[in-house]
Each structure stands twice: as structure tokens, then as C-alpha cells.
Protein chains: 4
Amino acid sequence: MGKREDILMATLDLITVEGLQSVTFAKIFKHAKVGSGTVYNYFNNKEELVNELYKEIGTHMSNFVIENYDVNETLYEKFKFFLKKMAEFAINYPKEIQFLENYSHSPYISEEIRNKPVPTMNEFFTIILEGQKQGIIREMNLMMCCQIVTGLILSVIRGFLNNKYPLGEVEIQQTIESCWKAIKI
Amino acid sequence: MGKREDILMATLDLITVEGLQSVTFAKIFKHAKVGSGTVYNYFNNKEELVNELYKEIGTHMSNFVIENYDVNETLYEKFKFFLKKMAEFAINYPKEIQFLENYSHSPYISEEIRNKPVPTMNEFFTIILEGQKQGIIREMNLMMCCQIVTGLILSVIRGFLNNKYPLGEVEIQQTIESCWKAIKI
Amino acid sequence: MGKREDILMATLDLITVEGLQSVTFAKIFKHAKVGSGTVYNYFNNKEELVNELYKEIGTHMSNFVIENYDVNETLYEKFKFFLKKMAEFAINYPKEIQFLENYSHSPYISEEIRNKPVPTMNEFFTIILEGQKQGIIREMNLMMCCQIVTGLILSVIRGFLNNKYPLGEVEIQQTIESCWKAIKI
Amino acid sequence: MGKREDILMATLDLITVEGLQSVTFAKIFKHAKVGSGTVYNYFNNKEELVNELYKEIGTHMSNFVIENYDVNETLYEKFKFFLKKMAEFAINYPKEIQFLENYSHSPYISEEIRNKPVPTMNEFFTIILEGQKQGIIREMNLMMCCQIVTGLILSVIRGFLNNKYPLGEVEIQQTIESCWKAIKI
DNA sequence: CATGAATGAGGGTTCATTCAT
DNA sequence: AATGAATGAACCCTCATTCAT
């Protein structure tokens, strides 16, 4: 019954609590209730395990965010949709978003995997670009513009995950509004 | 020249390039051109060394940002001043800001040190709070409001450090403007 | 075709190429195209497998050498016959002779099997002993005398296996002659 | 006091008794009365340790055999000298000769080191070659001729090491005589 | 203060062996 | 009889830390 899943989940759990730094295989084996050699039937080594975890979580988030996405909506609606979905993902899968947040810049994740373009993100870039063309969003470096929006919302999420404040409907609305104001004309 | 400084600088250099994960004492000794036992004259162990580094960099940034700060300026000017100084710090000390960014949430940094209130940050909180009282800044959770601003600017800086775009005067102005719009009424 | 044979042959192949040192069961399974558990239907463990291989190869060589042996020939003819047959065996079954050569003194082969008297060898001893009695072969320790002859021919074979020179009819004749001269009066 | 030597000696002892096959680092540490990490101050890994041992023993034997060698002696005297010295070395350093014997063809010893030409051997080759030129030694492949002599004497030594017979002055003389007869005209 | 050889607990990984299918 | 996923003891090796110099 899904040893692979068991191992990945145990790894995520442990990294969340103790940090990648101090997660040892011994802990993973114990937590996943699996023999020490079993991991190597699924992953060639520790690095591969963590990278695989990163990939799976990335895919999960991507799929979650894109679900029910309607291309034909107005630009603003699509913008809001994305941010709302990201907030929802964070609330539903705090460990996963925290993992992505913490290690998406870590050298432990292979450059190849780290820089793999995420379709969801590309879609989001397109929205911003379109907004600039329509004169709704301010002229500025496209990458920087994205960085502003995603940085803002993820920062708010991080604050929530660190128990600095609740993240209910109201706060989500306020944050999305902030994102929009930050880049609109 | 101070061995202590040599060790701290070597540590920062190595962490920047390879990540805390793979920085060993052996590498630090070699890079700092210091005998292996020497570290223990200054730091009790590796964790203490990293935490000390964290503290020193935090202080450095704090001092840098607060320098030339004028309490008597208008609220908006003070707001801009802080953000500009943070951007300048990032440009002048990329390794340091990157270190703070990457490890300020790591369990490797002791909770005590990580959560120590930074005077500079308190001053910034005060500005936001004052703005809300004066009806210039939107009513929202104070912590969240701060998270929005700092998250936004640091995200832009991160993008710059990752070579996604340049960070000249124009971009800094745009970013500060975005910060302000994101939270003003 | 017999799985048992497949396993033994795969083992011999691998040992020849990589040395007993680095031959693992995993490699044997793969090379023999056999499930990992299958070996245990035939051999109780790895040591037994290797010892069994040793035994089989020993028997094979013994049978090969004794084939067509004529007890009624002159002593010198019988002497030449044996040595010629050993050389032929080496040429026809290089992996097998190499295996015997390399591991006949290894502690990995159980003492019991290693020291089991080989009928063929006994026959050879008898020839030497007879030669000494007849005053054709020099008086010296019987074991040492055998050691001289077998060591000489096997050394020549080893050189051939290591590609130091060819081993044609001429060389075989020369070697046998050397053997004879080395021990005759 | 000579940890490096301690480790090399412990390794040789263990290999002699148990075979390279089953010599683990744990056993070496224990036998050498050395901390487990200490080995790595002298050797990068196990393979390097064994190869280094091989090299040192090879040098030792070479030096031993060449000692007191007189180039101006007659060819036959020089021939005898070498073989006598090899026998003496075997008697005085049985573990070392056994190690060389067993592993000089093992893939565990790097090809580079294994095939490094030994000056002593070259000198011996020269003697044989000279003998052939003078018409004292039979015409045959030079390498094979050497293989005959060295194989013969080493085989006798091996028999002695395996307690098959004593190896006193008489036996040594007989063996050297056999060597000479085996290749002379 | 400064050094670096020595240490050994603990890390990731291998691999002979088992057992349910 | 045949399989191969699962196992865990034991492997090699790393690295923070100590201590005699």
C-alpha cells in the first residue's frame, strides 16, 4: 500500500517540523514505518527523494490552482482567480506551500528541476502581459511585476503560516486587492 | 586582521555559494585560512557560529537602514526612506540580504535570535500604525500590512539577486510606489 | 535450460571480469536473468554458490585432463600427457582455469573443499613418485617436486592468459620440456 | 607514533588471515587500535589503502632482492643471487609475499599500479636475455622464459607457505637448480 | 591564542537474505 | 519452482569536536 507515498509524506512532515537541514534518513525510515533499504527501491538517493518531493508538490499546486480556470473571463477576474486559488492552496496544504517557499531557492534542489517552467505560472505571466498591453497594468519590467504580486501574496501567506494573523475571507480579499493596486495604473 | 571576522566572512561566502546544507567546518577552516581548532576560541560550535553570523548581519542591516533617518519627516517620506534603504542595502550587500532571506525562517537559527525584535522594524511598524490612525493607510491587520510591504520589496530584491532584471533608480521608485499603493486608502 | 547452470555461469563470467571482490548477488541475478529468490532454491547462500562453482570447475578440469589417459604408457609419456592436457584445458576454458588459479588459495573457498584430494592430482603424484623410484627423477621432497612442475606450467598458462605471449604447439612443447628438465636427474 | 604504519600493518595482517574479501574497515580500525576517522587522514578510501599497501610491499621486496647485488658477477651467479634473495624474502616476510602473490592479478589493485614496471624485474629480464644471447639459455619467448623461472620458484615458496614442506638451504638449492635446468640449453 | 592529528558518533548507502504471492 | 518488494545489519565514509603541542 503505497510505500512510495508513505516515504514522501514522511519526508514532507519531517522537513516541515525540523527543516531539511536536520532530516536524516533514519528519521524518515522510522516515520514512514519502512525498512531502511526500501527507500532505495523508489529513489536512488536522498537528493533524488527531496527533488522528487519538490516536483510532486509543484505539480500538485499547479493542478490545484489551474482547476476550474476559465480562459474566457475578464482579465481582472482571472487575476483574482489565480491569487485566490493560491491562498486556498496555502490554507489547505500549509506544509506543501511552506516546503516550496523554503526550498525553491535552495541549492539542494537541482537547478534543472528548480527552473523548470511551471505552466500555471506562464499563464499568470500572460495575464499580466495582457494587462499591460490593454493599459490596465502599469508599464514595468514583466518579471518584476510578477515578482511584486507573487511576493506580496506569498508573504501574506507566510505570515499566516507563522501564526501572525488569521487568513479568512476578509484577509484574502484585502490581500488580492493590495496585489491589484500594487500594479494597476 | 581578526580571525573572528575571517571566519564569519568565510562562512557567509560559503553559505552563499553552496547553501548552509553543505557548508562544513572543514571548508570554513580552509576558506578562512585558519586552523581547525581556532574556531572554538571564538564560537562554541557550528550552530553558534551561524547564529552569531545571523545576529551580526541583522545588526548591520538595521544600522544601515536607520542611518540618517529623520523622525521629523512626514509619514510618507519616512515610509519611502525605509524602503529605499532596504533596496540599497540589498544592492550593496547581496550576500548578507540573501542570507537573511534564506535562513530567517530556518529552524537552524535559534527561535530566540530569530524572533528578537529588531528596533528598525519596530520603527517601521510605528509608521504603518500611525498611517492607519491618520486614515492614510487602509484598515487591516497591522502585521499583515507590514507583511505586505516587506514581502513585496524583498520579493523584488530577490528577483534582482536572481538576475531576473536590473534594479536601478527607476525600478526602485516603481517598487516603492507599488508598496505604497498596496496599502494606502 | 537449467537455472542452476545459468546462475553458475553468470557467476563465473562476473568473477572473471570484476573479481570475486565486487560480484554481488544483484549482479548475478541480473546477468543470469533470474529472480533474486531463485538462487536460494539451489544454493543456501553466496559462499555455497561460489564453493559449488569451485567444485564443479575442479571436477570439470579433472575429467578433462584424465580423458583418454592410458595407464600403460611409459612414465615419460604419461607425464607429458598430463601437462599437455592441462595446457589444452587452459586454452579451451580460460575463465575456469583463471578462477581456479585465483581462488584456490582464497579463504573464501572452504578449507574442506579446497584441500579435497583430486584423483587426477593423485595420479600425477604417483607418476612423479614412480619416476623417483626408477631413478629418472631427482630425489627431492615429493610435494615440492609436484609444486615445481604444476607451478611452472600454470605460470606459463597465466602469462598466456594475461596476453604476454601466444601459447601454440611450440610453446607448449617448450614448456613441457622445461618441466621435465626441471625435475629429471 | 606511525599511525600510517600501524594501519598498513593491520591491513596486511587481516588480509593474510581472512582474505581481502572479508577485511572491513571496522576490523582494520580495531586491529590497528586507531579511530575510524584516522584512516582518512592517510588514505582517501579503502581501495587507496590497499593499493598503497601493494606499492609499499612491492618496493620493499624490490629493495630487499636488489641489496648487495653485484653487476659484475657471472651471469649464472647473478641468476642464482636473484632467486636466492626471493626465497629469503619469502621466508622472512611470508605475509608480504603471500599478499603480492594473491592480489597481483586482482582487479582491486589498480591497473596502473599493478603494471608499473619493477626495476628489479627488469634487471632479471636482462639477465635472461643476456643468457640467450650467449647461447647459455634456450631460445624461447623472453616473457615466457621469465614466467617459467618466477612461476617455478614462487610455486615452491607457496608450497612452503602452505606448510607442505620445509624450505631450508637444501630445498632452496634444489629449487634454484631446477630453475636453471628448466631454461638452460 | 593557534594549530591540526586524532577521534567516533552518526550519516547515507549496499546487499545478502526472506517471504508473500 | 519462480519471483521481486521489503528488510535491516553492516558497510564505507564524513565531519563536528577535542586536546596535546
Side-chain angles (χ1 to χ4, degrees), chain A residues 1-4 6-7 21-30 32-50, chain B residues 2-4 6-7 11 21-30 32-50, chain C residues 2-4 6-7 11 21-30 32-50, chain D residues 1-4 6-7 21-30 32-50:
Chain A
M1 47 171 71
K3 299 264 175 197
R4 205 188 114 100
D6 289 355
I7 293 163
Q21 181 70 196
S22 68
V23 171
T24 68
F25 261 21
K27 290 175 186 172
I28 293 174
F29 302 147
K30 219 170 158 185
K33 284 171 188 169
V34 150
S36 70
T38 302
V39 165
Y40 295 91
N41 293 329
Y42 298 101
F43 310 98
N44 285 321
N45 52 49
K46 191 180 167 185
E47 198 160 338
E48 193 177 306
L49 162 59
V50 174
Chain B
K3 300 262 176 198
R4 202 187 116 100
D6 289 354
I7 292 163
T11 307
Q21 182 71 199
S22 69
V23 171
T24 66
F25 260 23
K27 288 177 185 172
I28 293 174
F29 303 147
K30 218 169 158 185
K33 285 170 187 168
V34 149
S36 69
T38 304
V39 165
Y40 294 90
N41 292 326
Y42 300 101
F43 310 97
N44 285 320
N45 53 46
K46 191 179 169 184
E47 199 160 337
E48 192 178 305
L49 162 58
V50 174
Chain C
K3 300 263 175 197
R4 202 187 116 100
D6 290 353
I7 293 163
T11 306
Q21 181 72 195
S22 68
V23 171
T24 67
F25 261 23
K27 288 176 185 172
I28 294 174
F29 302 147
K30 218 168 156 187
K33 285 171 188 169
V34 150
S36 68
T38 303
V39 165
Y40 294 90
N41 292 327
Y42 299 102
F43 309 97
N44 285 320
N45 53 46
K46 191 179 167 183
E47 200 160 335
E48 192 178 307
L49 162 59
V50 174
Chain D
M1 49 171 71
K3 299 267 174 193
R4 205 188 113 101
D6 290 354
I7 293 164
Q21 180 71 194
S22 68
V23 171
T24 68
F25 261 21
K27 290 176 184 171
I28 294 175
F29 302 146
K30 221 168 155 184
K33 285 171 188 169
V34 149
S36 69
T38 303
V39 165
Y40 295 91
N41 292 329
Y42 299 100
F43 311 96
N44 285 319
N45 52 49
K46 191 180 168 184
E47 198 161 337
E48 194 179 304
L49 162 58
V50 174

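The sequence lines fix the lettering, A, B, ..., with proteins before strands; numbering per chain opens at 1.
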Given [options], identify the nucleotide with an atom nearest to the side chain of [X].
{"X": "Thr24(A)", "options": "dG11(E), dC12(F), dA16(F)", "result": "dG11(E)"}
{"X": "Lys3(D)", "options": "dC13(F), dT7(E), dT13(E)", "result": "dT7(E)"}
{"X": "Asn45(B)", "options": "dT17(F), dA2(E), dT17(E)", "result": "dT17(F)"}
{"X": "Thr38(B)", "options": "dA5(E), dT17(E), dT3(E)", "result": "dT3(E)"}

Give the minimum heavy-atom separation between [X] and [Y], together with the two atoms involved.
{"X": "Lys3(A)", "Y": "Lys33(A)", "result": "NZ-O, 4.4 Å"}
{"X": "Thr24(D)", "Y": "Lys46(D)", "result": "CA-NZ, 4.4 Å"}
{"X": "Ile7(B)", "Y": "Thr11(B)", "result": "O-OG1, 2.7 Å"}

Self-check item: Any donor-acceptor N/O pair, Lys27(B) side chain to Ser22(B) backbone, under 3.5 Å
Solution: yes
Using whole Å, report how far [atom1] of [X] lies from [atom2] of [N].
{"X": "Phe43(D)", "N": "dA6(E)", "atom1": "CZ", "atom2": "P", "answer": "12 Å"}
{"X": "Lys46(C)", "N": "dC15(E)", "atom1": "NZ", "atom2": "C1'", "answer": "8 Å"}
{"X": "Glu48(C)", "N": "dA16(E)", "atom1": "CD", "atom2": "P", "answer": "15 Å"}
{"X": "Tyr40(A)", "N": "dA16(E)", "atom1": "OH", "atom2": "P", "answer": "17 Å"}
{"X": "Asn41(B)", "N": "dT17(F)", "atom1": "CG", "atom2": "P", "answer": "14 Å"}
{"X": "Arg4(B)", "N": "dC1(E)", "atom1": "CZ", "atom2": "C1'", "answer": "15 Å"}
{"X": "Glu47(D)", "N": "dC13(F)", "atom1": "CD", "atom2": "C1'", "answer": "14 Å"}
{"X": "Ile28(A)", "N": "dG12(E)", "atom1": "CD1", "atom2": "C1'", "answer": "11 Å"}

Quiz prompt | Sugar-phosphate only, base, or nothing, as touched by Phe29(C) at under 4.0 Å among non-hydrogen atoms | solution =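 Contact class for Phe29(C): base.
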Practice problem: Classify the nucleic acid contact of Phe25(D) as base, sugar-phosphate or nothing, counting any heavy atom under 4.0 Å across all strands shown. | Solution: sugar-phosphate
Do the side-chain N or O atoms of [X] get closer than 4.0 angstrom to the phosphate oxygens (OP1, OP2) of [N]?
{"X": "Tyr42(A)", "N": "dA6(F)", "value": "yes"}
{"X": "Ser36(B)", "N": "dT3(E)", "value": "no"}
{"X": "Lys27(B)", "N": "dC15(F)", "value": "no"}

Quiz item: If you pin Gly37(C) and Val34(A) to their nearest nucleotides in DNA chain F, which one's is more 5'?
Solution: Gly37(C)
Quiz item: In which ranges does DNA chain F form stems of 3 or more consecutive Watson-Crick or G-U pairs, distances under 3.5 Å?
Solution: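 Counting only runs of 3 or more consecutive pairs, the stems involving DNA chain F are E:2-21 with F:2-21.
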Self-check item: Note, Leu49(C) side chain near Ile28(C) side chain (heavy atom, < 4.5 Å)
Solution: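 Yes - at least one pair of side-chain heavy atoms lies under 4.5 Å apart.
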Quiz item: With a 6.0 Å cut-off on ring centres, are Phe43(C) and Phe25(C) close enough?
Solution: no
Self-check item: dC1(E) to dT21(F) separation - P atoms, rounded to the nearest Å
Solution: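 Approximately 23 Å lies between the P atom of dC1(E) and that of dT21(F).
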Self-check item: Nearest-0.5 Å distance that lies between atom OH in Tyr40(A) and atom CD in Glu48(A)
Solution: 10.5 Å
